[in-house]
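These notes concern the structure reproduced below.
Because the structure is a prediction, the values reported are computed rather than measured.
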Amino acid sequence: MQYRTFGKTGKTPSVLGFGMMRLPKTQDGQLDVAWTTRVLRQAIDNGLTYVDTAYVYPDSERVTGIALADGYREKVMLASKLPVGRMNSEEEFDKILNEELERLQTDHIDNYLLHSLNRDKWENKVLPMHLLEHMERAKADGRIRHIGFSFHDDLDVFKTIIDGYDKWEFCQIQLNYLDTNYQAGLEGLAYAKSKGIPVVIMEPLRGGKLANVPESVANLLPSSPVESALDFLWDLDGVNVLLSGMNSEEQVMQNMAYADKARVGMLSDSDRQAIAKASEQMRKVVSIPC
C-alpha cells in the first residue's frame with residue numbers, strides 16, 4: 001500500500017480509501033454486517049487506512065462503527081459527512097453530529113465534510129446557518145479533527161467555495177478519465193493543489209461504468225479497465241486518496257494490489273494517450289441512445 005501526505009494535517013492516509021456507500025446486502029435487504037466487518041478489517045490489516053461514510057448512506061455509519069470496533073477505529077482516518085441539504089436550522093448541527101458519533105461508536109470523526117455542496121447549499125445553507133463556525137467549534141471541542149467538503153456543481157462554484165473559507169483542510173470531488181472537464185474536473189484538482197488543499201476522489205469508476213466498458217474501449221486501455229481507471233487518477237499530482245465503493249472480496253483484493261503500485265507519474269506518455277483515446281471512444285458509446 002502506498003501513502004501520501006494529506007496537506008497540513010500531518011497525516012499520511014493510504015492512497016486507496018474504502019467507500020462505505022455500496023456495501024453488499026443480505027437476502028433480507030439489510031447491509032451485510034458480517035461481510036463488511038471481515039473484509040474491511042482484512043483491508044486495514046493489509047494497509048488501508050482511510051474509511052469514508054456519510055449520514056445519508058442508509059445504515060452505513062452504524063455498520064461502519066461495528067466493523068471498526070475491537071481496536072480498528074484507531075487504525076484509520078475516518079471520514080463522514082453532515083447532510084447539509086436536509087438541514088432546516090443551524091441548531092441541528094450538534095444533534096446530527098452527536099448522532100453520527102454514536103452510530104460510529106467513536107468520540108471523534110477525523111475528516112468531517114459538508115456533504116455534496118453546490119451553489120444553492122453554499123449560499124442558502126452553509127453561510128446563513130453559520131455551518132463553518134459550527135464546524136470550527138466541533139473541531140475545538142475535539143468531536144472532529146479536520147474540516148472539508150464534498151462537491152457537485154461546476155468549476156466556478158468550486159472555486160467560489162474554495163476561496164470562500166481560508167481554513168479548508170481537504171475536499172472531495174468526482175473525477176475519472178471521462179469527467180476531466182465535468183464539475184470541478186482536472187482544473188479544480190489543480191486549483192485545490194495550488195491552495196495546498198488535499199483532494200479525495202470519488203466515483204473513480206463512474207458508478208461502475210468504467211469497470212465494464214465495451215470491448216472497443218477495453219482494447220485501447222493500457223491495462224484492465226479498472227486498473228487503468230485507478231492508475232489514471234493515482235498518476236495525477238494532487239490526488240491524495242481515491243475512494244472505491246468495493247462490494248466484493250475480489251474487488252478489494254484487486255484494488256489493494258493496484259494501490260501497491262500507485263505513484264504520481266506512474267503512467268508513460270503512451271499509457272496516457274491510450275487512456276485519452278479510450279475516453280474519446282467511451283464518449284461515443286455512451287452518447288448513443290439505448
Side-chain angles (χ1 to χ4, degrees), residues 17 19-23 25 29-31 51-66 68 73 77-174 182-184 188 192 197 199-203 207 243 245:
M20 307 293 282
M21 183 171 68
R22 299 185 178 99
L23 298 172
K25 296 180 179 180
Q30 303 301 307
L31 294 187
V51 178
D52 174 270
T53 183
Y55 184 87
V56 298
Y57 301 166
D59 207 30
S60 175
E61 288 181 322
R62 183 187 70 85
V63 173
T64 300
I66 294 171
L68 291 178
R73 168 68 186 92
M77 198 171 193
L78 177 61
S80 198
K81 309 175 188 79
L82 180 77
V84 176
R86 295 189 179 189
M87 297 182 67
N88 296 307
S89 70
E90 62 182 286
E91 287 73 26
E92 294 175 282
F93 179 92
D94 287 316
K95 176 180 179 296
I96 292 171
L97 174 54
N98 290 337
E99 183 180 349
E100 291 182 285
L101 293 170
E102 183 176 356
R103 289 175 175 179
L104 290 164
Q105 301 183 35
T106 186
D107 62 357
H108 73 278
I109 296 170
D110 298 292
N111 285 2
Y112 200 50
L113 300 88
L114 299 174
H115 197 175
S116 192
L117 292 193
N118 55 23
R119 184 183 300 278
D120 178 66
K121 291 174 185 173
W122 178 251
E123 294 179 349
N124 297 310
K125 299 278 190 176
V126 176
L127 297 180
M129 289 184 183
H130 310 288
L131 295 184
L132 294 168
E133 289 89 336
H134 283 282
M135 296 279 272
E136 290 180 11
R137 282 193 284 273
K139 181 178 178 179
D141 66 31
R143 287 179 295 166
I144 68 175
R145 295 288 189 266
H146 308 296
I147 297 171
F149 68 96
S150 62
F151 181 78
H152 289 289
D153 207 325
D154 62 34
L155 177 62
D156 288 342
V157 176
F158 181 73
K159 290 181 177 180
T160 295
I161 293 172
I162 287 285
D163 294 339
Y165 182 61
D166 62 4
K167 297 179 183 178
W168 293 123
E169 294 173 276
F170 70 103
C171 65
Q172 186 165 307
I173 65 173
Q174 176 173 327
Y182 177 67
Q183 295 189 9
I197 299 173
V199 178
V200 177
I201 300 296
M202 56 185 162
E203 298 296 347
L243 298 175

Aromatic plane relationship, Phe149 with Phe158 - under 30° parallel, 30 to 60° tilted, over 60° perpendicular: tilted
Aromatic plane relationship, Tyr112 with Phe93 - under 30° parallel, 30 to 60° tilted, over 60° perpendicular: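 Because their plane-to-plane angle is over 60°, the rings of Phe93 and Tyr112 count as perpendicular.
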Heavy-atom distance under 4.5 Å between the side chains of [X] and [Y], does that happen here?
X: Trp168; Y: Leu132; answer: yes
X: Leu23; Y: Asp59; answer: no
X: Gln172; Y: Asp52; answer: yes
X: Trp122; Y: Asp153; answer: no
X: Leu97; Y: His134; answer: no
X: Met20; Y: Val51; answer: yes
X: Thr53; Y: Leu104; answer: yes
X: Lys139; Y: Glu169; answer: yes

Polar contact flag, side-chain donor to acceptor under 3.5 angstrom, Asn98-Asp94: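 Looking only at side-chain atoms, Asp94 and Asn98 do not form any donor-acceptor pair under 3.5 Å.
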Smallest separation among heavy atoms of [X] and [Y], with atom names:
X: Ser116; Y: Lys121; answer: O-NZ, 3.0 Å
X: Asp110; Y: Arg145; answer: O-CB, 3.2 Å
X: Ile197; Y: Cys171; answer: CG2-N, 3.9 Å
X: Leu155; Y: Ala184; answer: CD1-O, 3.5 Å
X: Lys125; Y: Gly85; answer: NZ-O, 3.8 Å
X: Ala79; Y: Leu113; answer: CB-CD1, 4.1 Å

Kindly compute the distance separating [atom1] ([X]) from [atom2] ([Y]), expressed to the nearest 0.5 Å.
X: Ser80; Y: Asn111; atom1: OG; atom2: CG; value: 10.5 Å
X: Met87; Y: Leu131; atom1: CE; atom2: CG; value: 5.0 Å
X: His146; Y: His108; atom1: NE2; atom2: NE2; value: 8.5 Å
X: Glu92; Y: Glu99; atom1: CD; atom2: CD; value: 11.0 Å
X: Thr64; Y: Leu78; atom1: OG1; atom2: CG; value: 7.5 Å
X: Glu61; Y: Glu102; atom1: CD; atom2: CD; value: 11.0 Å

Test log, rule side-chain contact (heavy atoms from CB on, under 4.5 Å), inputs Met21 and Leu243: CA-CA 10 Å; Met21 183 171 68; Leu243 298 175; over 6 Å; no
More than 12 heavy atoms from other groups under 6.0 Å of CD on Glu90: yes
Ion pair Glu203/Arg22, N-O distance below 4.0 Å: yes
salt_bridge(Glu133, Arg137) N-O dist < 4.0 Å: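 Judged by the 4.0 Å cut-off on N to carboxylate O distance, Glu133 and Arg137 do not form a salt bridge.
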Pair His115-Leu82, side-chain contact (heavy atoms from CB on, under 4.5 Å): steps then yes or no: CA-CA 6 Å; His115 197 175; Leu82 180 77; 5.7 Å; no
